[in-house]
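Here the structure is a predicted model, which is why all the values come from computation and not from measurement.
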Amino acid sequence: MGNTVIKNLLRVGYAGAIHPIHPSAESVLGLPCRRDLTSLSGSVDCVVIALSADKALDALKSAHAAGARSAVLYASGFAETGEQGAALQTEIGTFCRDNQINLCGPNCLGIFSVENGVALYSAAVPEGLEAGDIALISHSGSACIALSGLDRFKFSHLVSLGNGAVTDIPEYLDYVAQDPRTKVAALFVETLRDPATFARAAAQMRKAGKPIVALKVGRSVSGAAASAAHTGAIASSDTALLTFFKRHGVTLVEDYDELVETVALFSTIRSMPKGAGLGVLNVSGGELSMTCDIAERCGLVLPALSESTVAHLKTVLPVFGAPRNPLDATGVGVFDTRMYGDCLDALLNDPSIHIVAVSQDCPASMGEDQAAIYEKLAITVAERSARAHKPVVFFNNLSARIHPDVLAPLSEVPTLCGMRNALRAIKHLVDHAAFITTEVVPKTMGVDRQEKWARRFESVEPLTERESKSFLEAHGIRVTAERLASSEDDAVAHADAIGYPVVLKIESADLPHKSEVGGVVVDLPDAVAVRAAYRRILESVARKAPGARVAGVLVQQMVRGGVEAILGVVTHRPFAPGVVVGSGGVLVEILQDATFELAPVDLKTAAALIDQTRLGKLLGGYRGGVVADRDALARTLERLSDIAVVYANEIEAIDLNPVAVLAQGQGAVVLDALVIAKARQ
């Protein structure tokens, strides 16, 4: 391993001094060996440790004694192997942080700064690798090997950081944000250890105008959901990851191919689209139909052409041509490059189109005669693109490489391979353009932390529904009127005071889902019904949950009408709490009609979240129904998100299901509530 590092340094022409350290060898690759670090004179910039895990800490102590402030540790056998390895990694990390040593690794390939000619890299450096503007930062060594072996783009830096015991992805992002030679950061992420630090680094990348494209693996493993709350089941840890990356402008891709095409597009695009409208040009109607299918699945917008554009295209196309988007330049366009170019100009000049994609079948295996024809089309695209005020992208419909004769004229035009991945990349570009033009305004909290409740959450005793509602009401969320009864007479007296009809529910901290044990009876019209329901509830709970502690029976206001919604708070570590909104009721987990956003959310975002679900249509008076108070629900969601932030250290989850959204102007009221405190260590 150490031998490979020295070979790499010599191969890339490293200009500094290289000192092999070995207890017995006289030389390595022609370089004289030293017995130990103490025999070196002068300062040491970086120590490369090519030793086993058990020798790593002693080597780092020697490095510190020699004045080194940086080190690379390649060895495996640390946190990835279990508790013993994790303990050793913690010890090494603590030592490095205490002594201000920037450590790359362990369990890594190391760093290759292509621009600087520094290859502290334990795998063979690809031959002929030229310096470029893409920084690849990866937890995985194999990802570095796979991606650096491509010839699609050039790298400024390759970083295989492995376990990231001291320096992790955020630290390298901080560096490339300041590096004038890096334009785009490509990430291969196995774990996100510190979202707050990552968010700060992402903010620096945004400020520098540098996109981040990330491939995150391990997303199918479910995180730490609050199993007692419905919201934990309908908002997964992967949803939290997606939301976190979106909030911080990170483009998330599914696989290597999508990563490559997206990075290629981001690194070569000359200007950002100023809207979402995509125009597509080809010479095949059938392929354009496939483009429409895939574009729709990618979430791309293919707007209709303006009347003036249609009128102009009728003068350009043959009589059998169809002036629409996507635009088929017809088989004639293959030979009539003037007509083909005019079609491209027409799309570029349409006010509803903000980016144009030119698609073609032009694999490297294509015959020379056909390549000569498509080369002329490529020249036309390059010429028209050069003077266009909107971005143009060229892609091969097949995933195969583009024929070199077709590729050559397109040196100033982004060129992509594969229809699906190209369209996904274009969608990512459109989304990123929208992100960088969106102003970030800090959210002002609408609730204050109340120490009374903070102390209550310190108790190991779970909150009942009544306590949960009391907590919500104390923070400005409307809940049903209710009283606790300890006898039939109490229940009747409370029902008389609240007003009929009423609902009866079992009061037990051990029964978060009361209906499953027969603990809920609704729509009780009078005292006789209340008495019967009271007895029935106690009998059912005694039979189905004999060990549950029962504090009494809750007599609750019966709310008629309205649309049932679910609101909630869920925490998926390591991320901050998030809020959920969707269609509520007993079928919530089956319907899976909900959306998630990390807290805090403002009122505008809350309203947008509601509209992303089918609940949004129901609130609008679906099929003649009553128009419900959408604004009241949005205000409740915003306030709930503020609660999630203010009590982030105390609350694990909140489940409000159902919330009755009443007719327009009548508000929204929480019918059932469950607040789950964080487990005390």
Any non-hydrogen side-chain atom of [X] less than 4.5 Å from a side-chain atom of [Y]?
X      : Y      : result
Tyr74  : Val48  : yes
Leu173 : Gln204 : no
Leu158 : Leu129 : yes
Leu88  : Asp54  : no

Classify the ring geometry of [X] against [Y]: parallel below 30°, tilted from 30° to 60°, perpendicular beyond 60°.
X      : Y      : value
Phe198 : Phe245 : tilted
Phe95  : His64  : perpendicular
Tyr256 : Phe188 : tilted

Next on the checklist: Does Asp168 form a side-chain hydrogen bond (donor to acceptor under 3.5 Å, both in side chains) with His139? I'd like the steps, not just the answer.
Outcome noted: CA-CA 9 Å; Asp168 206 343; His139 284 130; 2.9 Å; yes
Is atom [atom1] of [X] surrounded by more than 12 heavy atoms (other residues, nucleotides or ligands) closer than 6.0 Å?
X      : atom1 : answer
Lys443 : NZ    : yes
Glu80  : CD    : yes
Lys678 : NZ    : yes

So which heavy atom on [X] is nearest to which on [Y], and how close?
X      : Y      : result
Ser156 : Thr182 : OG-OG1, 2.8 Å
Phe78  : Ala56  : CZ-CB, 4.1 Å
Leu161 : Thr167 : CD1-O, 4.3 Å
Leu73  : Leu103 : CB-CD1, 3.8 Å
Ile426 : Ala357 : CD1-CB, 3.8 Å
Cys108 : Ser160 : CB-O, 3.0 Å

Distance-only polar pair, side chains of [X] and [Y], donor-acceptor under 3.5 Å:
X      : Y      : result
His403 : Glu375 : no
Ser142 : Ser140 : yes
Asn396 : Gln360 : no

N-O pairing of [X] and [Y] below 4.0 Å:
X      : Y      : value
Asp133 : Arg181 : no
Arg35  : Glu26  : yes
Arg424 : Asp257 : no
Arg420 : Glu254 : no
Lys216 : Glu190 : no

Next on the checklist: Let's go through Glu652 and Arg573 carefully: what are the C-alpha distance in whole Å and the side-chain angles of both, what is the deciding distance for salt bridge (Lys or Arg N to Asp or Glu O under 4.0 Å) to 0.1 Å, and is it a yes or a no?
Outcome noted: CA-CA 10 Å; Glu652 182 73 19; Arg573 295 178 185 83; 2.6 Å; yes
Item to check | Intermediate values then yes/no, side-chain contact (heavy atoms from CB on, under 4.5 Å), Val118 and Ile111 | outcome: CA-CA 8 Å; Val118 180; Ile111 300 172; over 6 Å; no
Item to check | Centroid-centroid under 6.0 Å between His157 and Phe112 rings | outcome: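 Judged by ring-centre distance (under 6.0 Å), His157 and Phe112 do not meet the cut-off.
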Checklist entry - For the atom pair OG1 (Thr197) and CZ (Arg200), what is the distance rounded to the nearest 0.5 Å? => result 4.5 Å
